[in-house]
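Notes to accompany the following structure.
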2 protein chains.
Amino acid sequence: MDSGELRKAGLKATLPRLRILSILEKNNDLHLSAEDVYKALLEAGEEIGLATVYRVLTQFEGAGLVIRHNFEGGRSVFELDSGEHHDHIVCLECSKVFEFTDAAIEARQQRIAAQHGFRIGEHSLVLYGHCTKTACPNR
Amino acid sequence: MDSGELRKAGLKATLPRLRILSILEKNNDLHLSAEDVYKALLEAGEEIGLATVYRVLTQFEGAGLVIRHNFEGGRSVFELDSGEHHDHIVCLECSKVFEFTDAAIEARQQRIAAQHGFRIGEHSLVLYGHCTKTACPNR
DNA sequence: ATGTATGCAAAACATTTGCACCTGG
DNA sequence: CCAGGTGCAAATGTTTTGCATACAT
């Protein structure tokens with residue numbers, strides 16, 4: 001049980017929080033929207049309010065447990081913060097998300113930021129494209 | 001007058017469209033939201049509806065005249081598409097935006113996408129950070 | 001107990017759409 | 001003239017908030 005993680009983040013270990021954390025853990029490869037999490041919980045027979053999902057996800061983000069992405073398409077998606085930064089490739093057709101990291105890119109980013117007098121906090125690199133060989137509906 | 005540009009994009013050269021284009025040109029260094037454009041036009045004494053601004057910006061995006069960004073914070077911002085791709089650095093404190101390009105990063109992005117069986121359409125690299133020497137309110 | 005968290009419904013935003021009227025070519 | 005564009009208001013979709021109730025410690 002992750003009560004510890006929550007406590008450490010200064011959050012009471014309530015049932016809704018534990019459940020949301022559990023959904024995120026179970027789908028760590030996916031990137032879920034608040035509604036996705038909500039539906040997953042309902043389907044699992046759990047009772048929860050959508051507002052709670054939003055509140056908890058926002059708190060998790062503030063606590064550094066979760067990362068919020070603003071990919072194309074209005075809604076935010078969330079993933080557990082593994083601690084290791086990574087970038088994303090999003091298929092514009094099937095919405096599948098791949099993750100990657102590249103040391104060379106990271107290094108250049110730091111240098112560029114410094115050149116512009118910036119101290120980088122977070123950064124997000126998202127490649128939008130089209131699958132050519134995966135299970136993408138369009139091949 | 002940019003009637004030509006519009007015509008070329010298959011769009012009638014109407015007054016609202018010309019005005020919006022003009023606002024974007026005048027603020028090419030900024031990244032404006034639909035509401036920003038709307039307000040700018042109202043302040044300039046022009047009559048226009050917010051819905052029209054949204055419609056026109058979306059059409060411009062489709063026509064490749066404009067690029068839409070989903071930076072942090074729910075709303076979309078727009079900038080004229082200069083034709084030359086570039087990345088962004090956004091100050092989390094003063095919201096100032098700097099642009100840059102880096103050939104090495106671009107090259108690696110292509111390679112990485114290819115490795116994952118992706119054909120890249122668009123991509124967006126945004127560094128979120130803090131100014132250290134510009135006119136940022138927090139220095 | 002008691003301060004916090006939750007659920008529900010209502011509110012707040014950003015954006016889109018239906019429709020009658022206006023306009024550019 | 002006529003297809004397409006615009007304005008307004010209403011609809012949508014997402015996220016936030018107020019408030020009375022329920023829960024963790």
Side-chain angles (χ1 to χ4, degrees), chain A residues 1-23 31-42 44-63 65-78 95, chain B residues 1-23 31-42 44-63 65-78 95:
Chain A
M1 198 147 270
D2 314 84
S3 324
E5 276 208 77
L6 289 176
R7 198 71 53 67
K8 198 164 28 166
L11 298 169
K12 273 190 194 170
T14 65
L15 234 50
R17 285 179 182 152
L18 290 172
R19 284 170 180 158
I20 290 173
L21 210 45
S22 152
I23 290 292
H31 292 66
L32 305 174
S33 67
E35 186 115 25
D36 290 335
V37 172
Y38 176 62
K39 282 186 193 148
L41 285 171
L42 288 192
E46 308 286 1
E47 264 187 33
I48 196 165
L50 179 54
T52 301
V53 174
Y54 274 105
R55 264 186 298 235
V56 169
L57 286 174
T58 302
Q59 292 162 340
F60 281 5
E61 184 192 12
L65 293 176
V66 148
I67 298 179
R68 176 196 303 252
H69 297 289
N70 298 288
F71 296 155
E72 308 222 319
R75 66 185 135 244
S76 300
V77 295
F78 302 82
S95 294
Chain B
M1 199 150 267
D2 314 83
S3 324
E5 276 208 80
L6 288 176
R7 198 71 52 69
K8 199 167 23 170
L11 298 169
K12 273 192 193 170
T14 64
L15 236 49
R17 285 179 183 155
L18 290 171
R19 285 169 179 157
I20 290 173
L21 210 44
S22 152
I23 290 291
H31 292 67
L32 304 174
S33 67
E35 185 116 24
D36 290 336
V37 172
Y38 175 63
K39 282 187 193 150
L41 285 171
L42 289 191
E46 309 286 2
E47 265 187 30
I48 197 164
L50 179 55
T52 300
V53 175
Y54 274 105
R55 265 187 299 235
V56 169
L57 286 173
T58 302
Q59 292 162 342
F60 282 5
E61 184 192 13
L65 293 174
V66 146
I67 298 178
R68 177 197 300 255
H69 296 289
N70 298 289
F71 295 156
E72 309 220 318
R75 67 186 135 245
S76 300
V77 296
F78 301 83
S95 293

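Each chain gets a letter, A, B and so on, in the order the sequences are listed, and its residues count up from 1.
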Qualifying residues under side chain to side chain contact (heavy atoms under 4.5 Å, CB included), relative to L32(A), sequence neighbours excluded: I23(A), L24(A), N27(A), L30(A), D36(A), V37(A)
State which residues pass side chain to side chain contact (heavy atoms under 4.5 Å, CB included) with S76(A); sequence neighbours excluded, sorted by chain then number. R68(A), N70(A), F78(A)
May I have the list of side-chain donor-acceptor pairs in residues 46-57 of chain A shorter than 3.5 Å, sequence neighbours left out?
residue : atom : partner : partner atom : Å
E46(A)  : OE1  : R19(A)  : NE           : 2.9
E46(A)  : OE1  : R19(A)  : NH2          : 3.1

When rounded to whole Å, the CG to C1' distance for the pair L21(B) and dG5(D) reads 16 Å
With heavy atoms of chain A within less than 4.0 Å as the criterion, where does contact along DNA chain C begin and end? dG3(C) to dA9(C)
Double-helix bend of the helix from dA1(C)-dT25(D) to dG25(C)-dC1(D), axes at both ends from 5 pairs, round to 10°, gives 40°
E35(B): which residues meet the salt bridge (charged side-chain N to carboxylate O under 4.0 Å, His left out) condition with it, sequence neighbours left out? none
For Q59(A) and R17(A) the tightest heavy-atom approach is OE1-NH2, 3.2 Å
Heavy atoms only, 4.0 Å cut-off, all strands: where does L11(A) land among base, sugar-phosphate and nothing? nothing
Minimal non-hydrogen separation, L18(B) against S3(B), with atom names: CD2-N, 4.0 Å
Trace of the side-chain contact (heavy atoms from CB on, under 4.5 Å) decision for F60(B) with L6(B): CA-CA 9 Å; F60(B) 282 5; L6(B) 288 176; 3.6 Å; yes
A correct 5'-to-3' footprint of nucleotides 12-25 of chain D, with B, S and - meaning base, sugar-phosphate only and no protein heavy atom under 4.0 Å, is --SBBBB-----BS
Which residues share a side chain to side chain contact (heavy atoms under 4.5 Å, CB included) with K8(A), sequence neighbours left out: none
Checking I67(A) now: which residues fulfil side chain to side chain contact (heavy atoms under 4.5 Å, CB included) with it, not counting sequence neighbours? H69(A), E79(A), D81(A)
